[in-house]
Amino acid sequence: MSLYLVTGGAGFVGSYLVRFLLDRDEEVRVLDNFSTGKRENLTEVESRIEVVEGDLNDPAALSRAVSGVDYVFHEAAIPSVPRSVEEPAESHEANATGTLSLLCASKEAGVRRLVYASSSSVYGANPELPKVETMRTEPLSPYAVAKLAAEHYCTVFHRLYGLETVSLRYFNVFGPRQDPNSPYSGVVSRFIDAILSSTPPTIHGKGDQTRDFTYVENVAQANFAACHETSAAGGVYNIGCQTRISVNELWANMAELTSSKLEPSYTSARSGDVPHSVADISAARRDLRFDPQIELREGLKRTLEFYVPVT
Ligand code: UD1
């Protein structure tokens, strides 16, 4: 049994990882400042984990959090491209400086490996598809810049100090416990909110922008492998499903699964929005033996079932 620290463990991906680790009889500690994460996300597991409440940039909380830890899953972040467009300094502080603080503390504490939640947003304006890790990054938002800066810090900490790090570029993760109420939430949870409240979903732009939506179980598998596959140390990997669908098609699928007759309301495109995104996952297949098991439609079913009865 090893001790895992999950930063952002009360958030959407973090709380999924906590359950994933508990199911494998691992010991789990969570560091969360509950800014976007929710205590309810941990209610059913709280007797089995240790929770440190605090911020990545609070040295006292951070040193308590990393003490004695074997592996770190670093999910804590302020997500949302539009939120970062409104508050660029806040995004940098949490996503870039927060990661640097965690790397310093992890190095001091002798952590064996840190797996970092990076983002497909780093590819930004680069028009080439599918996205390959060696491609030029062209961030379009402060969020993407901060995620990329933190990724470089991870690589440099591996090179300079020998702290084993792995960066996983998540492609539009979705699943249960993704906050459906926040306007900054991912599109799948925004569409669920529309279904639950019987209000028309909002589609930004024409809805022909495409994404590689990735069910959270696939992301959990990738994190676990990234911790334990020897050849992954120091690496950067795309984590997606290689399936590209438009936002319009996403709504059509979700409407069909819930028999919703709601018609989308179209509004202006979001600034900082990436036009198209789909992952090439050859590197993760090779080094992490990553093989996404839950495809989009099945992932959507599981997510919807968490909130609403699905036909
Ligand atoms: C981006 C990143 C993703 C990251 C996430 C963090 C890319 C390709 N992906 O996601 O890796 O984890 O930020 O927040 O950069 N949309 C609507 N209606 C809505 C909400 C969104 O039409 O109510 C549209 C958006 O304009 C966008 C797409 O749906 O084109 C997906 O948006 P969202 O789920 O917010 O994620 P990204 O910004 O793509």
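First listed ligand is number 1; within each ligand, the first listed atom is number 1. The figures here come from the full heavy-atom set of this structure, side chains too, leaving out hydrogens, waters and symmetry mates.
- Judged by distance alone, the side chains of Ser167 and Glu151 never bring a donor and an acceptor atom under 3.5 Å apart.
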Show me the donor-acceptor pairs within less than 3.5 Å that the side chains of residues 260-272 make with the rest of the protein, sequence neighbours left out.
unit_1: Ser260; atom_1: OG; unit_2: Leu262; atom_2: N; d: 3.2
unit_1: Tyr266; atom_1: OH; unit_2: Asn248; atom_2: OD1; d: 2.7

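- Between the side chains of Glu217 and Tyr16, at least one donor-acceptor pair of N or O atoms lies under 3.5 Å.
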Taking only distance into account, with no hydrogens and no angle test, what donor-acceptor pairs under 3.5 Å do side-chain atoms of residues 185-192 form with protein atoms, sequence neighbours excluded?
unit_1: Ser185; atom_1: OG; unit_2: Asp179; atom_2: O; d: 2.3
unit_1: Ser185; atom_1: OG; unit_2: Ser182; atom_2: O; d: 3.4
unit_1: Ser189; atom_1: OG; unit_2: Asp179; atom_2: O; d: 3.4
unit_1: Ser189; atom_1: OG; unit_2: Gly186; atom_2: O; d: 2.9
unit_1: Arg190; atom_1: NH1; unit_2: Pro180; atom_2: O; d: 3.1
unit_1: Arg190; atom_1: NH1; unit_2: Ser182; atom_2: O; d: 3.2

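- Under the rule for a side chain to side chain donor-acceptor pair (under 3.5 Å), the partners of Thr210 that lie at least two apart in sequence or sit in another chain are Arg244, His276.
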Expected rows: ligand 1 N/O, protein N/O, dist below 3.5 Å:
unit_1: ligand 1; atom_1: 9 (N); unit_2: Ser120; atom_2: OG; d: 3.3
unit_1: ligand 1; atom_1: 9 (N); unit_2: Asn172; atom_2: OD1; d: 3.1
unit_1: ligand 1; atom_1: 10 (O); unit_2: Asn172; atom_2: ND2; d: 3.4
unit_1: ligand 1; atom_1: 11 (O); unit_2: Ser119; atom_2: OG; d: 3.0
unit_1: ligand 1; atom_1: 11 (O); unit_2: Ser120; atom_2: OG; d: 2.9
unit_1: ligand 1; atom_1: 11 (O); unit_2: Tyr170; atom_2: O; d: 3.2
unit_1: ligand 1; atom_1: 14 (O); unit_2: Ser80; atom_2: N; d: 2.9
unit_1: ligand 1; atom_1: 18 (N); unit_2: Thr202; atom_2: O; d: 2.8
unit_1: ligand 1; atom_1: 22 (O); unit_2: His204; atom_2: N; d: 2.9
unit_1: ligand 1; atom_1: 23 (O); unit_2: Thr202; atom_2: O; d: 3.4
unit_1: ligand 1; atom_1: 26 (O); unit_2: Asp273; atom_2: OD2; d: 3.1
unit_1: ligand 1; atom_1: 30 (O); unit_2: Gln209; atom_2: NE2; d: 3.0
unit_1: ligand 1; atom_1: 30 (O); unit_2: Arg211; atom_2: NH2; d: 3.3
unit_1: ligand 1; atom_1: 30 (O); unit_2: Asp273; atom_2: OD1; d: 3.3
unit_1: ligand 1; atom_1: 30 (O); unit_2: Asp273; atom_2: OD2; d: 2.7
unit_1: ligand 1; atom_1: 32 (O); unit_2: Arg270; atom_2: NH2; d: 3.4
unit_1: ligand 1; atom_1: 34 (O); unit_2: Val187; atom_2: N; d: 2.7
unit_1: ligand 1; atom_1: 35 (O); unit_2: Arg270; atom_2: NH2; d: 2.8
unit_1: ligand 1; atom_1: 36 (O); unit_2: Asn172; atom_2: ND2; d: 3.2
unit_1: ligand 1; atom_1: 38 (O); unit_2: Arg270; atom_2: NH2; d: 3.1
unit_1: ligand 1; atom_1: 39 (O); unit_2: Asn172; atom_2: ND2; d: 3.1
unit_1: ligand 1; atom_1: 39 (O); unit_2: Arg211; atom_2: NE; d: 2.6
unit_1: ligand 1; atom_1: 39 (O); unit_2: Arg211; atom_2: NH2; d: 3.2

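- None of Thr99, Asn223, Thr165 except one satisfies the side chain to side chain donor-acceptor pair (under 3.5 Å) rule with His74; the exception is Thr99.
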